[in-house]
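Keep in mind that this is a model prediction, so the values were computed, not measured.
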Amino acid sequence: MKKSLAILLLFISFNLILSQKIERIEPANWWIGMKNNSVTLLIYGKDISDLQPAISYSGVTITENKTVENKNYLFLTLQINPEAKAGTVKIKFSKDKKVVLTKDFPIYARETNSANRESYGSKDAILLIVPDRFSNGDEKNDIVKTTLEQKLDRNNEDARHGGDIQGIINHLDYIKSLGYTKIWNTPLIENDEPTYSYHGYASTDFYKIDPRFGTNEDLKKLATQAKKRNIGLIWDVVLNHCGSEYYFVKDLPEQSWINYPDSENRIRTNHLKTTITDLYATEIDKEEYLNGWFDGHMADLNQKNPLLAKFLTQNIIWWIEYAGLSGLRVDTYSYSDKNFLADWTKAILEEYPKMNIVAEEMSRNTAQTSYWQIDKKNSDGYQSYMPMMMDFSMNDNIVSALNEKSGWFSSWRKVYESVAGDFLFPHPDNQLIFPDNHDLDRFYSRLNKNFANWKLGIAMYITMRGTPQFFYGTEVLMTNDKAGSDGQRRSDFYGGWKGDSKNAVTEARLNNEEKEAKKYLTDLLNWRKSSDAIANGKFKHYAPTNNDVYVYFRYTDNQKVMVLLNKNNDKVTLDLNRYNEMIPLKFEAKDIISGKDFSFQNTLDIPAKTAMILEVKN
């Protein structure tokens with residue numbers, strides 16, 4: 001009897017050992033020579049906290065083995081010392097002094113000069129792509145059996161349409177020909193939600209490319225192929241929330257991992273960004289903004305939890321190093337805990353000193369937006385480290401100026417005053433300017449399909465201070481007829497699918513205006529790459545008078561560009577005496593748009609509804 005019992009206990013013990021399984025180790029690897037050389041591994045598996053990890057690897061030590069409320073999680077912190085060599089760390093997991101599991105944790109050598117990689121700035125022009133809606137380059141990944149959403153429907157603006165990473169790779173030569181030097185893709189990471197998963201902002205795996213877009217290796221391939229064409233990739237970061245189907249939302253490590261884990265007591269964010277800076281804001285308003293869920297399927301992450309904060313920071317460093325990224329854009333920036341945001345940004349910049357990061361603060365209030373830029377002296381003492389901000393004020397004011405008729409004042413005055421608000425920013429040149437994006441109606445639609453006004457606006461975005469970003473399809477006047485429709489804003493790129501009759505690349509079935517628009521934007525973007533005054537120059541503008549012409553200059557010690565934007569229905573003659581602070585009464589210049597050479601003396605004629613970009617000759 002005793003012998004039988006011993007055999008039974010041995011059998012049970014053996015089966016328990018066999019059933020012990022590690023489902024995830026995140027990150028799956030790290031690198032030697034990192035400033036961030038203390039890496040915390042999130043280890044997930046059934047009752048994993050019952051096991052004791054150990055390693056034996058020269059230069060690598062375990063500094064903390066932390067268990068949490070949920071026994072399915074273990075947080076293991078490794079210190080990778082400078083003397084450590086690239087190789088594979090064997091992590092042995094024991095129970096009752098017996099090794100039951102061994103997992104490999106590779107540490108790689110970094111690519112040469114990785115820490116000092118170049119990023120993006122005012123010298124660049126950025127193309128924004130929504131990958132699901134750009135081009136279907138690999139039909140084999142259209143339906144993936146392991147995902148919850150199991151169909152494509154290009155007639156449904158909220159469904160998946162099938163675009164992928166290969167589709168972007170296939171268009172790299174086209175993107176280069178347009179004059180772009182950087183690509184910002186909306187999130188490519190897995191969004192395994194039952195519906196409305198195409199947009200990418202409800203991640204269910206921060207370390208994995210969505211299989212309907214491709215694989216992690218496909219992202220590396222895209223980065224490599226883009227780099228060969230002098231194009232860098234900008235990664236879209238989401239720190240505030242993740243998808244409700246994320247494994248660590250459905251099986252929380254700790255109740256404090258997300259805000260309002262109890263669905264019965266859950267609240268939605270009030271979207272009131274001003275609660276961060278409002279001297280009179282109530283605590284409940286602040287709470288609702290910061291900790292309320294962005295949407296019902298987007299769990300609000302609690303960055304005050306130190307383990308989650310470390311997870312989010314390591315994740316972005318991992319992607320930069322793994323994929324060779326050239327920059328970052330952060331979604332819904334101010335919705336996250338602001339102390340975490342400062343620490344997160346500082347950690348990225350300490351690892352990559354030249355890295356540019358742009359934050360989305362979707363506010364037309366420049367006082368609110370400028371609060372977040374690095375070196376801003378805020379009255380509450382808050383110190384931010386965010387290099388670049390998105391300029392939503394200019395976006396609105398350019399549309400208003402072009403659509404409205406002048407009254408007592410020129411309608412250009414809105415743009416003039418918007419730019420005049422730059423005194424609020426410590427680094428006004430480091431702003432992202434854009435006619436439209438995935439959250440805004442298409443530029444051509446907002447201008448009521450007025451082509452002359454579209455050309456005036458594009459000329460301004462090409463030459464204005466800051467870094468311009470354009471949305472895919474802007475070059476061929478893509479529109480959304482239903483105002484406010486995200487699905488239509490993000491409609492399919494012309495020719496991105498087999499069988500499409502209209503094609504932006506080949507120009508099949510483009511009308512004359514669409515062809516002209518494509519040439520107009522292409523010519524200006526490619527010229528912009530060669531203009532030092534635009535890339536690095538200072539900015540000086542003249543207040544627009546009732547003649548409805550906006551005049552400004554971009555200039556360096558060696559080059560000067562004069563930009564004139566006439567929205568009148570008639571020719572306007574300018575008296576050059578007014579502009580003698582920046583230009584003599586007599587000068588010669590080449591108009592970049594028309595390609596014509598001009599000689600001016602005392603006056604300058606600008607045709608109706610016309611932009612002129614004059615490269616002044618020395």
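Here the OH-CG distance, from Tyr207 to Asn216, works out to 11.5 Å after rounding to the nearest 0.5 Å.
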Please report the C-alpha distance between Leu222 and Asn185 in whole Å, then the side-chain angles of each, then the deciding distance to 0.1 Å, and finally whether the side chain to side chain contact (heavy atoms under 4.5 Å, CB included) criterion is met.
-> CA-CA 11 Å; Leu222 170 61; Asn185 294 301; 4.0 Å; yes

Verdict with supporting geometry, Ile129 and Leu127, side chain to side chain contact (heavy atoms under 4.5 Å, CB included) = CA-CA 6 Å; Ile129 291 173; Leu127 175 65; 3.9 Å; yes

With side-chain hydrogen bond (donor to acceptor under 3.5 Å, both in side chains) as the test, would you mind laying out the steps for Asp492 and Trp497 before giving the verdict?
-> CA-CA 9 Å; Asp492 293 348; Trp497 279 252; 5.2 Å; no

Step by step, work out the side chain to side chain contact (heavy atoms under 4.5 Å, CB included) result for Cys242 and Leu301.
-> CA-CA 7 Å; Cys242 68; Leu301 296 168; 3.8 Å; yes

Run the numbers on Phe392 and Ser363 for side chain to side chain contact (heavy atoms under 4.5 Å, CB included), then give the verdict.
-> CA-CA 6 Å; Phe392 283 93; Ser363 172; over 6 Å; no

Using the side-chain hydrogen bond (donor to acceptor under 3.5 Å, both in side chains) rule, take Glu287 and Tyr260 through it: C-alpha gap first, then chi angles, then the decisive distance, then the call.
-> CA-CA 11 Å; Glu287 172 68 17; Tyr260 294 97; 2.7 Å; yes

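Under 3.5 Å, the side chains of Asp251 and Asn72 contain a donor-acceptor pair of N or O atoms. Side-chain contact check for Tyr472 and His438: no donor-acceptor pair (N or O, by modelled atom type) lies under 3.5 Å. No side-chain donor from either of Ser326 and Arg117 sits under 3.5 Å from a side-chain acceptor of the other.
Applying the salt bridge (charged side-chain N to carboxylate O under 4.0 Å, His left out) test to residues at least two apart or on different chains, the pairs with a partner in residues 448-463 are Lys449-Asp481, Lys455-Glu516. The list of salt bridge (charged side-chain N to carboxylate O under 4.0 Å, His left out) pairs with a residue in residues 166-189, not counting sequence neighbours, reads Asp124-Lys182, Asp173-Arg229. Applying the salt bridge (charged side-chain N to carboxylate O under 4.0 Å, His left out) test to pairs two or more places apart or on separate chains, those with a residue in residues 264-273 are Arg268-Asp295. For residues 387-397, every residue pair satisfying the salt bridge (charged side-chain N to carboxylate O under 4.0 Å, His left out) rule, not counting sequence neighbours, is listed here: Arg364-Asp396, Asp391-Arg465, Asp396-Arg446.
In terms of modelled atom types and a separation under 3.5 Å, the side chain of Gln303 and the main chain of Ala309 share no donor-acceptor contact. Asn29 places no side-chain N or O within donor-acceptor distance of the main-chain N or O of Pro106, the cut-off being under 3.5 Å. Side chain of Glu193 to main chain of Ser244: a donor-acceptor pair is present (N/O by atom type, distance under 3.5 Å, no hydrogens or angles). The main-chain N or O of Gly484 is found under 3.5 Å from a side-chain atom of Asp441 such that the two form a donor-acceptor pair. Formation of a donor-acceptor pair under 3.5 Å by the Asn191 side chain with backbone atoms of Ile189 is found in this model. Formation of a donor-acceptor pair under 3.5 Å by the Thr467 side chain with backbone atoms of Gly121 is found in this model.
Taking the six-membered ring for Trp and thresholds of 30 and 60 degrees, His171 and Phe493 have ring planes more than 60 degrees apart, a perpendicular arrangement. Using cut-offs of 30° and 60° for the angle between ring planes, the Tyr201 and His199 rings count as parallel. Ring pair Tyr73/Phe75 is parallel by interplanar angle, where below 30° counts as parallel and above 60° as perpendicular. The aromatic rings of Tyr335 and Tyr289 lie tilted to each other, with the angle between the two planes from 30° to 60°. Below 30°, between 30° and 60°, or above 60°: for Tyr444 and Trp454 the angle between ring planes is above 60°, a perpendicular geometry.
In this structure, Lys208 pairs ionically with Glu190, as a charged nitrogen and a carboxylate oxygen lie closer than 4.0 Å. Remark: Glu514 engages Lys502 in a salt bridge, criterion side-chain N to carboxylate O under 4.0 Å.
Among all heavy-atom pairs drawn from Asn395 and Pro435, the shortest one is ND2-O, 3.1 Å.
Seen from the ring of Tyr322, Arg110 does not count as a face-on cation partner, given the 6.0 Å and 45° thresholds.
With sequence neighbours excluded, the residues satisfying side-chain contact (heavy atoms from CB on, under 4.5 Å) with Lys71 are Asp47, Ser49, Asp50. Remark: Lys220 engages no residue in a salt bridge (Lys or Arg N to Asp or Glu O under 4.0 Å) (not counting sequence neighbours).
For the pair Trp527/Thr463, a side-chain contact is recorded, criterion being any heavy-atom separation below 4.5 Å from C-beta on. With contacts defined as side-chain heavy-atom distances shorter than 4.5 Å, the pair Phe434/Leu440 qualifies. In this structure, Glu360 and Leu432 have side chains that are not in contact, with every pair of non-hydrogen atoms separated by 4.5 Å or more.
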